[in-house]
A.B. asks: 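My questions will all concern the structure given below.
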Amino acid sequence: MKIHPNDDVLEELVLSLDEGHRSLLRHLAWCGYCRSKLHYLPRPLPLHPRDAIGNPRAGSYEAGLAESRRALSEWEAVLERERDDAPGLFVELFEQPAEIRDLLLRDSPRFQTWGVFELLVERSLEASVQDPAFGERLGLLALRLSDHLDRGRYGAERIADLRARAWAFVGNACRLRFDFQGAEEAFGQAYQQLKKGTRDGLERAILLDLKASLRRDQRRFEEALRLLRRAVELFTSLGERHRAGRSLVGLSIVFNQMGKALDAIPALQRAIKLVDPEREPRLLLCARHNLAAYTASAGRFLEAQKVYQEARSLYRSFNEAWIQNRRKWLKGQISLGLGHLRQAESLFLAARDGFIAEGIPYDTALVSLELALLYAEQGRTEDLKRLAAEMVPIFASRHIHREALAALTFFRQAVDAERAGAELVAKVAAYLRRAEGDPGLPFEAGNGTS
Amino acid sequence: MERPADSCVEILERLSPVLPAVLNAYRVPEPRAREIVDDACRTLLAKRRLRHEDPEGWLLRTIIESCRRWQKEEEREDPPE
């Protein structure tokens, strides 16, 4: 079958099955292991000319498999030792100045191991979250090391796979420091390496997922969605439920940035069922938080409150200010939607103070405008003026782009002139939300919108 | 707490009842079969830190894909009459 069966065909198939076979079908839907067996089942095969001169029979493989297990056990022990030694070698490497580091990787066989290569690649991704420039350096260092790895020992195709991942992580680091051209080139290199590799679908899916983040940041949303859908499909087919869940969270973020929060909701609901809470609890919190936020933004406040309540224990496990401030902000939005104005106000104020303390001007501005809307709707002009005056530190920030500053200045002047009604505040707030992921979005002061 | 991952040998052990049938289905000669299994296992070992959720499924799929590629190459060189 070359096309996906439509709903009627699938429904007809399911209805034609008895309960036992339906249960089997459900099992196949989630079990990659059993699905992969369908490649060779059922077994009857056409007669091949080779049969005439003796076809190997199943029994003859047993000895070879036993030998494979023995060799594998030895190689597993070798790699384990390399992995155990790698963190120490990593520290030793970074105690040296950069030029000595390169020499060590080039000339010292102690460092030319799979364990060190793999560790450098992993740390490249991890480091990029806090310090993308350092993450990029680690990725490039891993790539330089890979030039000196023994192809015979580790396998040229396996090295190419890990080189592909290293290039993808370099691309991701470039994206995080807004070097989109560098990111494009790195992802191009990653694809080249993937072609030389083992053709592992998992490596491809990891690459697609990371490249989608680049497309999202470039605001090439349709391409980002296509890449993420393919990644979800690949991860799912490989039984990688957690990674599929992660890509679905990415998909929901793209939908939200496109202004399609309603499309983001089903993706998140699916993601929550797939994400492994033990493996990445922060990702699960992110999915639940975003689900509550998108549901609230769709005006479904009772539903949003339920999702929020389900996430409470997760919020408690992350006591960081960054997360708690967002929690208060979200809870404020839900409270406002449910008509609990006083509670909403105190939560917005707490979130705003938290963002100021953390030095996050954009979120300070966003939550301040939600508070301003609440004041404007209640005709609290003096509170509006006080709030606008307290927004001064935002204007001093270098982390707010020019158009957003123009919008905030427009808001402040309107407040000072007592012209800031609810409609105007809502328009400035809506502009700021849209411009968060699109700094080039122009603000037109004439009507307060873009 | 994170559960310790099974060793590759254990994973291969669990697939052992299935593998002869797979290899036989593609009529892979014994020495080539050994190469295919070894190669797939070494790739799995090299990627253990990716923490496959279904390492048996991954290994079986990889072996099957290699068998299919081998069969295609064979047929190109020696097409069935």
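The chains referred to below are lettered A, B, ... by the order of the sequence lines, with proteins before strands, and numbering in each begins at 1. A quick note: this is a predicted structure, and the numbers were derived from the prediction, not measured.
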A.B. asks: Less than 4.5 Å to any heavy atom of chain A: does that hold for the side chain of B/Thr62, its backbone, both, or neither?
C.D. replies: neither
A.B. asks: Please check: side-chain N/O of A/Glu240 versus main-chain N/O of B/Glu53, any donor-acceptor pairing under 3.5 Å?
C.D. replies: yes
A.B. asks: Give, as side chain, backbone, both or neither, the part of A/Glu118 having an atom under 4.5 angstrom from any heavy atom of chain B.
C.D. replies: side chain
A.B. asks: Could you look at A/Trp75 and say if it's the side chain, the backbone, both or neither that has a heavy atom under 4.5 Å from chain B?
C.D. replies: both
A.B. asks: May I ask you to name which of B/Lys47, B/Glu13, B/Arg48 has the most heavy-atom pairs under 4.5 Å with chain A?
C.D. replies: B/Lys47
A.B. asks: Under 4.5 Å heavy-atom distance to chain A, tell me which part of B/Leu59 shows up: side chain, backbone, both or neither.
C.D. replies: neither
A.B. asks: Between B/Glu75 and B/Lys72, does at least one N-O distance fall below 4.0 Å, as a salt bridge requires?
C.D. replies: no
A.B. asks: Can you tell me which of A/Asp200, A/Leu238, A/Leu162, A/Asp161 forms the most heavy-atom pairs within a distance under 4.5 Å of chain B?
C.D. replies: A/Asp200
A.B. asks: Counting only non-hydrogen atoms closer than 4.5 Å, does A/Arg158 touch chain B with its backbone (N, CA, C, O), its side chain (CB onward), both, or neither?
C.D. replies: side chain
A.B. asks: Counting only non-hydrogen atoms closer than 4.5 Å, does A/Glu67 touch chain B with its backbone (N, CA, C, O), its side chain (CB onward), both, or neither?
C.D. replies: both
A.B. asks: Tell me which of these, B/Gly57, B/Pro31, B/Ala33, has more heavy-atom pairs under 4.5 Å with chain A than the rest.
C.D. replies: B/Gly57
A.B. asks: Under 4.5 Å from any heavy atom of chain B, what part of A/Leu72 do you find: side chain, backbone, both or neither?
C.D. replies: both
A.B. asks: For A/Arg83, is it the side chain, the backbone, both or neither that has a heavy atom under 4.5 Å from a heavy atom of chain B?
C.D. replies: side chain
A.B. asks: Using the salt bridge (Lys or Arg N to Asp or Glu O under 4.0 Å) rule, pick out the option among A/Arg165, A/Lys195, A/Lys196, A/Arg243 that qualifies with A/Glu203.
C.D. replies: A/Arg165
A.B. asks: Say whether, by atom type as modelled, one donor and one acceptor occur between the side chain of A/Trp114 and the main chain of B/Ala46 under 3.5 angstrom.
C.D. replies: yes
A.B. asks: Determine the option with the most heavy-atom pairs under 4.5 angstrom with chain B, choosing from A/Arg199, A/Arg70, A/His242.
C.D. replies: A/Arg199
A.B. asks: Can B/Arg42 and B/Asp38 be counted as an ion pair, charged N to O under 4.0 angstrom?
C.D. replies: no
A.B. asks: If only atom types and distance count, is the side chain of A/Tyr154 paired as donor or acceptor with the main-chain N or O of A/Leu149 below 3.5 Å?
C.D. replies: no
A.B. asks: Under the criterion side-chain contact (heavy atoms from CB on, under 4.5 Å), which of A/Leu248, A/Leu284, A/Val249 is the partner of A/Leu274?
C.D. replies: A/Leu248
A.B. asks: Check the surroundings of atom CZ in A/Arg270: do more than 12 heavy atoms from other residues, nucleotides or ligands lie under 6.0 Å from it?
C.D. replies: no
A.B. asks: Okay, side chain of A/Arg69, backbone of B/Ser16: is any donor-acceptor separation there less than 3.5 Å?
C.D. replies: no
A.B. asks: What option among A/Ser237, A/Ala71, A/Gly155, A/Gly115 has the most heavy-atom pairs under 4.5 Å with chain B?
C.D. replies: A/Ser237
